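One structure is given here, and the rest of the page talks about it.
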Amino acid sequence: MSAIPSVPRSARTRSWWGWGYTDAHPDDAECAAMGALLPGTLARPLPIPRIADLPIARPAVTPPPSLAHLTTDDPRARAAHAMGKAYRDVIRALRARPGRIPDLVAHPTGDREVADLLDWAGEHDVAVIPFGGGSSVVGGVEYRGDAHRAVLSLDLTSMDRVLEIDTAGRSAHIQAGALGPVLEEQLRPHGLTLRHFPQSFEFSTLGGWLATRAGGHYATARTHIDDFVQSLRVITPAGAGTSWRLPASGAGPSPDRLFLGSEGALGVITEAWMRLQERPRHKASASVAFTDFHRALDAVRAIAQSDLAPANCRLLDAGEALLSGASHDGSSVLVLGFESATGPVGDRLASAVDLARAHSGRVETPPADRDASAGSAVSAWRSAFLRMPYLRDGLARMGAVVETFETAATWDKIPALIDAVRTEVGAAALKITGHPATVNCRLTHVYPDGAAPYFTVAVAGRPGDEVEVWDDIKAVAGEILYRHRATITHHHAVGRDHRAGYDLQRPEPFALALRAAKDALDPYRILNPGVLLD
């Protein structure tokens, strides 16, 4: 086993109000050009918000001298930790309506400091919001209400080391505050990788992935961060605990499963042993076009039920394919990708392509066992995938309502579910705004027994009422998901935005157990109030 040196972070400036880096945001001209494509948007973009325009009050509490060096009341730090990066967060920043801004931001460097901060917060009625990269799109890192005297944002990104690597067991002991690129750079010299790449990879942390059960880039098999967990260390107001590091165990309910997906409501995940992989050396990809979306669904189901296990198996409907540049002729597009550290994958790609052809797919394939060439549908989709959150923020500046929601359901429900969302959400958006809406769909993850549809909604909003418009549309979407017994979230987490749907989905005996766990682990009710349960 070996310790790993730390890696410097990016020198680029993160946006406090929008997605990603400030230098990647669309300028005013690009915003206006995008807005022109969506009837009913503003004539000119809303100005970039200024922290000076926010209602930032003086902190309601003062930390003791023993903790003061860990905290800051700097207005920019507080504003950057007030919300996540959902559409409703971005538009609230643009309208200077951020909600309650934390009184303090803390940057602990170790478990003892985390525990001391929790002890102080419990004694002084201070709500604690665990914070990683701040990329939540479900209201998971903000405080709502006024039940607590003050709010502390607990930023873990100073705890970002890969502490040791077990090369024989191909696993690593990692602090939870490591952002995706920081984590991977420390693993790279060893030829190893966690290989968990959500869209938020640059701007999210290991702890955030664990606390929200994040979905990664694998479209089949190892789709969630859960699959890579070997052991967790968690600090709670009731004490600290570490699960045994084991390849598997049948010893009762899993302690790790209690905290995976707990969203900071039960404890603060500070470290984890994670299963690693060798870096892939062999890759192959292809795109398949379909004129009939339902035939494309059949093709994806056939591939998911085979033993091929593609790393990428993402189906874009015609609207999503057009938006990403993967197709311009009204076709739906299936993006396929295979990878391996040990041997060529061309044969597996060829078998998947054959299954797609058997369901009327038209195939564009690069040379065997090579990644897609520049200009292909695969390359276009990848570029659009990374750029899309920035474009969303640009459209938000034009007063548009542009947001996503995702779900999962069994194959017998998928076709009707997708049709219902397109039809009913589109109709609701038109009724609410008076403007026609675009509702696109893609499958992000697929399983032998079902799939995870991911929907994008775009419509001109009502100036000043954009948050209310989205909330109304989202309520319609939630009712559709419930009616079709589709989950309220496949990988975005529950947060505060999905609470109503989550309360309907979980069995009541489980809710009783969860409340009991909250009472036992967080007796002062300070940890991320309002997430998962009241």
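What you are looking at is a predicted structure, and each value in this text was computed from that prediction instead of being measured. Numbers here are sequence positions counted from 1.
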Rounded at 0.5 Å granularity, tell me how far [atom1] in [X] sits from [atom2] in [Y].
X	Y	atom1	atom2	result
D393	M398	CG	CE	14.0 Å
L322	T438	CG	OG1	9.5 Å
L395	Y87	CG	OH	9.5 Å
L532	S262	CG	OG	7.0 Å
H491	I225	NE2	CD1	13.0 Å
L156	I269	CG	CD1	9.5 Å

Partner of H224 by ring-ring contact (aromatic ring centres under 6.0 Å, His included), out of H217, H196, H490
H490
Please confirm whether [X] makes a cation-pi placement over [Y], using NZ or CZ under 6.0 Å from the six-membered ring centre and within 45° of the ring normal.
X	Y	result
R392	Y390	no
R422	F293	yes
R222	Y218	yes

Any carboxylate oxygen within less than 4.0 angstrom of a Lys/Arg side-chain nitrogen, looking at D292 and R295?
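Salt bridge: no.
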Salt bridge flag under 4.0 Å for residues E424 and R483
yes
Considering non-hydrogen atoms only, spot the tightest contact between [X] and [Y] and give its length.
X	Y	result
A400	L38	CB-CD2, 3.6 Å
A150	A60	CB-CB, 4.2 Å
C313	L336	SG-CD2, 4.0 Å
A302	H359	CB-CE1, 3.8 Å

Using distance alone, with no hydrogens and no angle criterion, decide if [X] and [Y] have a side-chain donor and acceptor under 3.5 Å apart.
X	Y	result
T444	E406	no
T72	D74	no
D155	H81	yes
E184	T193	yes
R362	T291	no
Y454	T404	yes

Looking at D317, T456, V335, which hits side chain to side chain contact (heavy atoms under 4.5 Å, CB included) with R442?
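It is T456; the other options fail the test.
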For the side chain to side chain contact (heavy atoms under 4.5 Å, CB included) test, which of V425, L430, T433 pairs with V459?
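Only match with V459 under side chain to side chain contact (heavy atoms under 4.5 Å, CB included): T433.
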Evaluate Y447 against W411 for ring pair (Phe, Tyr, Trp, His ring centres under 6.0 Å), listing each step before the verdict.
CA-CA 9 Å; Y447 306 91; W411 281 116; 9.2 Å; no
When you compare the side chain of D449 with that of Q305, does any pair of heavy atoms fall below 4.5 Å?
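No, their side chains stay 4.5 Å or more apart.
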Contact check, side chains of P310 and N312, non-hydrogen atoms, under 4.5 Å
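When only atoms from C-beta onward are counted, N312 and P310 do not touch, as no gap falls below 4.5 Å.
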Determine whether D28 and R44 satisfy the following criterion, salt bridge (Lys or Arg N to Asp or Glu O under 4.0 Å), listing intermediate values before the conclusion.
CA-CA 8 Å; D28 286 4; R44 61 182 61 88; over 6 Å; no
For Y143 and H148: C-alpha separation, side-chain torsions, deciding distance, then whether side-chain hydrogen bond (donor to acceptor under 3.5 Å, both in side chains) applies.
CA-CA 10 Å; Y143 182 88; H148 292 79; 2.8 Å; yes
